[in-house]
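Okay, structure first, notes after.
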Amino acid sequence: MELADAIPVTFKEITPSYCLPDKWKEITLNTGGTHSTLQDIKLPQKAGGYWYRDSEKSSTRNRFIYWQTTSDAIELSEASLDVNISNCNLRCKVASGTPPLNNISFYEKPSSQQVIVLAATVSSVHRLIFPHPDSLDKKATFGALSNTTSSIFYDTSAINNPNNYYILNQYSTSNTGVAHSCSSILRDNGEAVFALAFGYGGEGGLLLVKLPVTGAAVTTVLKRESNVPRFLSGLTGALRGKASTEGIETYGVVLTNGLAIVICGDTCLRVWHFDEGGAPISVSAPLSQTVARPKPPPHSHMLQSTKGLDGSTLLVAYLSFPNESKFIVMKMHDAGTAGVKFSQIHHIMGPKLDLLDYTIGYGDNSHVIWALWSQPDGDAVITSCAIGPDVSWRAVASKEPLSPLPQLSSHQQYRDRLLAPGLFPTSVIKKALVIYRRTWGGNESVMETEFGDSCVSAVQTRLRNLTARAAAPDHSHLMHKCWSDLYSWCMQYMEGLQKPLGLMVSKHKADGEIGWWCAVVRRSGVSLVRELEPLEQMMLADDVTALPTGSICDLSTDARRVVCAGARWERLVSASGAADLERRLFACAAPQHRLLPRLLHLLTEHDPTPSLTPEQAKLTSILEPIKDLQNAVLELNDALRLDVPEIDTSKSDDEDTSEYDNLFASDLGVAIVTEAIRQMAEMRCRVVRGALAALGTVMGAGGVPGAGHCAVHWQAYRALLWLHSAVLQQTTAGGTESFRLKLSALGGEAIEWSSEASGAVVHVYVHGAGGERARAHLATARAHTAWHRSLPLLAYHLAHQLWAVSGGFEFGWWLASINQPRLVQSYVNMLEPWCEWNACSRQFILGLSLLELEDSEGAYTAFCRAAKGVSTEPFLRQLVAEPHDRLAYQHALVLFCMKVIKLFEIHDAGACVVRLAETAISIADKDDPNLVSTNFINANISNVYQ
């Protein structure tokens, strides 16, 4: 992990729990017959992608294509953050022994309303033509756009048109080897041009293939310095002496401005004209004086090009040697009759790692290199560096490893853990279950409808076998072992799916507006890379106190020292140790005023001596310079608060905000937002936990003014994480009908949710009412709709809605409206000991849930508690009166009793109706018009029960 330790971490991946469906449309590309010399060709799997050019149109905003290669296929997938895309996966199969090459190009043709994909294998080149998204629904607008649209891959009729491919098996011989790299470009006249770099161990060379719109393909052998046509000539021996070919093998190749440019083994750039062929028109001076031979492909020299901010052509060459690597940034100039010349403008040293992929994007008004590296331990790391005089690599935080399976007490708990939202895709668990049964016995098939029960059945079968063979079986230990084996199989499959294969960025805007971002393509799909929040940067930085004030946030140096101490404490005890402390702290369910003393007890229980430990000394050295600790803690507390200003989100008639209606509304978009919320809550939990633990270790947490407020925020973020892992359950039809009647009596409506979608609470809320409310805020503020700008705002607004101490109750009422009584019970009970915000409103929804569970007496108690807030809490007040109405407490309470009486009537709970009616009569004024109905109810119910 040398690189990860040396480079500051400023980015983080958002890996959604969304998984691609198993359904693929398959076609077979015509790559020709398998040549005998093409057997056993192994090329590395590669990946990349393309973002559609126009981010202002409803059909292409936040929409992209990503691709992956395997040994026998090119897999294309289309996705959108805004709308779901049907039939979006296309697998282009190739013949055995003709694997795809490592570069695929995408072009949009507005004139013909087409998307053209250029791809090559070791034996063929292809122009894949699909309809453009604009042509699929020409009348599409943001307001009218449905939540599902067709993929461009629905029409594959032109793929194997003879005009759109060319077979070149005859160019691969024992002398030249096979192509190992390629580049392609689409010219304005529709002609596709491919440049294939051949063999790095034989003669090597470059083959140019022109594929016109109609007519025969044209191939051109591009010679090197010599006039002797070695390439593909079949001549060996004297004409192919080692001295004349060593060092000029072709590695990376790019096509730009009618030119083919390659980086060779001697680190020289060679340039040819498309239409002239022959010998190079220019050969640069060596880019490096290193005499060592480069690493062989796929980790050898590479070359990419992009448009400079001034419209010029920039080349970024990667030079790879056994003991060093570096990027050379050059500007290409027209030298007239002398061809072209290159001026080197930057040298960027790279780490001593194997480069898997790199791409060039934009950020901070300059070009940015994004690089994917392979570390010696097999893990991958992603880095970025702005192209400029001040070179500074920045890293993406390593993916968090899956935590081991904890010891649980029942099969149901293990089942729920295995099927937890976002942990393992269903397809992964199915594969693991098949292997599990095959290994440990059992012939039952995996049932689609009872998937979780199939897992329990398989584990129970093995557990019975183990128990029967054990003399004195430890049932708890054996149960954990059986579930751990299934869990470990899932983890192994996930490791393969999570392997990064390539990067993709948008290259359409040559200005700093695009921002620092990229996406990572894995076997399991796409993850987005975002910049860290300021608090995240502080937790991951080695020394935040050394950062200048304002560089990452507006916190003072003293407040940053508190965060730095917390980060240092977490590193001292390890992440697992910190998590274990948190688990033990909250396992005792201590009341709020006992939380900090309990924390101090856990911190000191293993070291009660008053002497200063080395760990305490390190923390003391960080905290000691703080001049006003109370102010620093209170400042941190303010930074941890989620605060969204009240905005009038009502749309004016003359303002069109329909462009926000579908923002992040697709299944993928919702999964991205949901994961962003989880990451925010988890990181802020760590900030509070670390700060309180560090303060407690040094001076006793109870003795720090303001620490209690931080503890409240800690529990609020823990509650948010609990919601993220909570799962909705199916309800019965009968229960649904009575539930609708109750909500109708309250002036509300039951909310339906699709059982086919993710059953995670936060996912369903973001997909529905929560997402609509957050988008309305963004529309009012006229926020940017590009994903990397809108995602932080959207996630923040939604986290604020879900945050228990935000003051709002929109989420609480939504939770009460989806008919999940057990979930409401758990939610209210979790918040009750410490959360004072909306306490009475929560008791009201608890009463609703208890009524649904036929616990009338429990519901009566909950409603009585809720009545205390009928004139103070906005949610309860709006249940009984309009916002502008002025009501006395007694009058509001009578109206509240009338509402609750209707709820009990629906459940035929007459005794509760009588008590509530008597209460209303006793507190109402004599001239209160509600007394008539209340007396009538009381008299009739009393007669029934006499």
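Tested against L532, the residues M539, Q537, M538 include a single side chain to side chain contact (heavy atoms under 4.5 Å, CB included) partner, Q537. A side chain to side chain donor-acceptor pair (under 3.5 Å) with Q679 is found for exactly one of R530, E533, E536, namely R530.
Residues T256 and S305 bring no donor and acceptor atom of their side chains to less than 3.5 Å of each other. Judged purely by distance below 3.5 Å, without hydrogens or angles, the side chains of E108 and Y50 pair a donor atom with an acceptor atom. Using modelled atom types, one finds no donor on one side chain facing an acceptor on the other under 3.5 Å when comparing T69 with Q45. In this structure, a donor-acceptor pair under 3.5 Å is present between the side chains of T383 and W373. For the residue pair S124 and T31, no side-chain donor N or O sits within less than 3.5 Å of a side-chain acceptor on the partner. Between the side chains of N257 and T313, a donor-acceptor pair is found at a separation under 3.5 Å. Side-chain contact of Y66 with E75: a donor-acceptor pair under 3.5 Å is absent, judged by distance alone.
The existence of a salt bridge linking D354 and K295 is confirmed by a sub-4.0 Å separation between a basic side-chain nitrogen and an acidic carboxylate oxygen. Between E191 and R127 there is no salt bridge, since no side-chain N of the basic residue sits under 4.0 Å from a carboxylate O of the acidic one. Using a 4.0 Å cut-off between charged nitrogen and carboxylate oxygen, E56 and R61 do not count as a salt-bridge pair. Under 4.0 Å is where a charged nitrogen must lie from a carboxylate oxygen, and between D310 and K331 at least one such pair does.
Formation of a donor-acceptor pair under 3.5 Å by the S320 side chain with backbone atoms of H299 is found in this model. Listed for the D357 side chain is a donor-acceptor partner under 3.5 Å among the backbone atoms of L503. Of the possible donor and acceptor atoms, none in the side chain of H788 sits under 3.5 Å from a partner among the backbone N and O of E531. No donor-acceptor pair closer than 3.5 Å links the side chain of Q68 to the backbone N or O of L501. Side chain of H273 to main chain of D275: no donor-acceptor pair is present (N/O by atom type, distance under 3.5 Å, no hydrogens or angles). No side-chain donor-acceptor contact under 3.5 Å links E13 to the backbone of S398. Proximity of a side-chain donor or acceptor of K210 to a complementary backbone N or O of F274 within less than 3.5 Å is detected. Formation of a donor-acceptor pair under 3.5 Å by the W393 side chain with backbone atoms of M349 is found in this model. Remark: side-chain polar atoms of S790 are paired, donor with acceptor, to backbone N or O of A786 under 3.5 angstrom. In terms of modelled atom types and a separation under 3.5 Å, the side chain of S325 and the main chain of P351 share a donor-acceptor contact.
Side-chain contact check for C518 versus V529: some heavy-atom pair is nearer than 4.5 Å. Proximity of N102 to H180: side-chain heavy atoms (C-beta onward) are nowhere separated by under 4.5 Å. Residues L101 and L196 are in side-chain contact: their nearest non-hydrogen atoms beyond the backbone lie under 4.5 Å apart. In this structure, L128 and L29 have side chains that are in contact, with non-hydrogen atoms separated by less than 4.5 Å. Between L186 and L118, some side-chain heavy-atom pair lies under the 4.5 Å cut-off. Here the side chains of H126 and N164 are not in contact, with every heavy-atom distance at 4.5 Å or above. Two residues are said to be in side-chain contact when any heavy atoms from C-beta on lie closer than 4.5 Å; Y318 and Q304 fail this criterion. Here the side chains of V505 and I360 are not in contact, with every heavy-atom distance at 4.5 Å or above.
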Dump the intermediate steps for side chain to side chain contact (heavy atoms under 4.5 Å, CB included) on V193 and V209, then the final yes or no.
-> CA-CA 6 Å; V193 182; V209 181; over 6 Å; no
Let me see the working for Q344 and V329 under side chain to side chain contact (heavy atoms under 4.5 Å, CB included), right down to the final yes or no.
-> CA-CA 6 Å; Q344 297 187 20; V329 183; over 6 Å; no
Check the pair T15 / L528 against side chain to side chain contact (heavy atoms under 4.5 Å, CB included), numbers first and verdict last.
-> CA-CA 7 Å; T15 304; L528 303 180; over 6 Å; no
Given Q498 and V520, is the side chain to side chain contact (heavy atoms under 4.5 Å, CB included) satisfied, shown in steps?
-> CA-CA 10 Å; Q498 293 292 345; V520 185; over 6 Å; no
Could you walk me through whether R63 and E78 pass the salt bridge (charged side-chain N to carboxylate O under 4.0 Å, His left out) test, one step at a time?
-> CA-CA 8 Å; R63 184 166 175 166; E78 190 177 21; 2.8 Å; yes
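F11 has its ring centre less than 6.0 Å from the ring centre of W370. In this structure, H301 has its ring center closer than 6.0 angstrom to the ring center of F321. Between F327 and Y358, the ring centre distance stays below 6.0 Å.
Residues P99 and L43 approach most closely at CG-CD1, 4.0 Å, considering heavy atoms. Across V213 and N189, no two heavy atoms sit closer than the pair CG2-O, 3.5 Å. Scanning all heavy atoms of the two residues, the minimum distance from A217 to Y166 falls at CB-CD1, 3.6 Å. Residue A47 comes nearest to V521 through the heavy atom pair CB-CG1, 3.6 Å, listed as atom of the first residue, atom of the second, then distance. In terms of heavy atoms, C268 sits closest to A285 at SG-C, 4.1 Å. The shortest heavy-atom contact between A676 and L791 is CB-CD1, 4.3 Å.
The NE2 atom of H333 sits 11.0 Å away from atom CE of M330, with the distance rounded to the nearest 0.5 Å. Remark: T121 OG1 to I167 CD1 distance equals 9.0 Å, nearest 0.5 Å. With values rounded to the nearest 0.5 angstrom, M302 atom CE is found 8.5 Å from S181 atom OG. Between atom CG of residue L314 and atom OG1 of residue T306 there is a gap of 6.5 Å, rounded to the nearest 0.5 Å. The NE2 atom of H132 sits 8.0 Å away from atom CG of D54, with the distance rounded to the nearest 0.5 Å. Here OG of S282 is found 9.5 Å from CE of M332. Values are rounded to the nearest 0.5 Å.
For residues 314-327, no residue pair satisfies the salt bridge (Lys or Arg N to Asp or Glu O under 4.0 Å) rule, not counting sequence neighbours.
Under the rule for a ring pair (Phe, Tyr, Trp, His ring centres under 6.0 Å), F342 has no partner lying at least two apart in sequence or in another chain.
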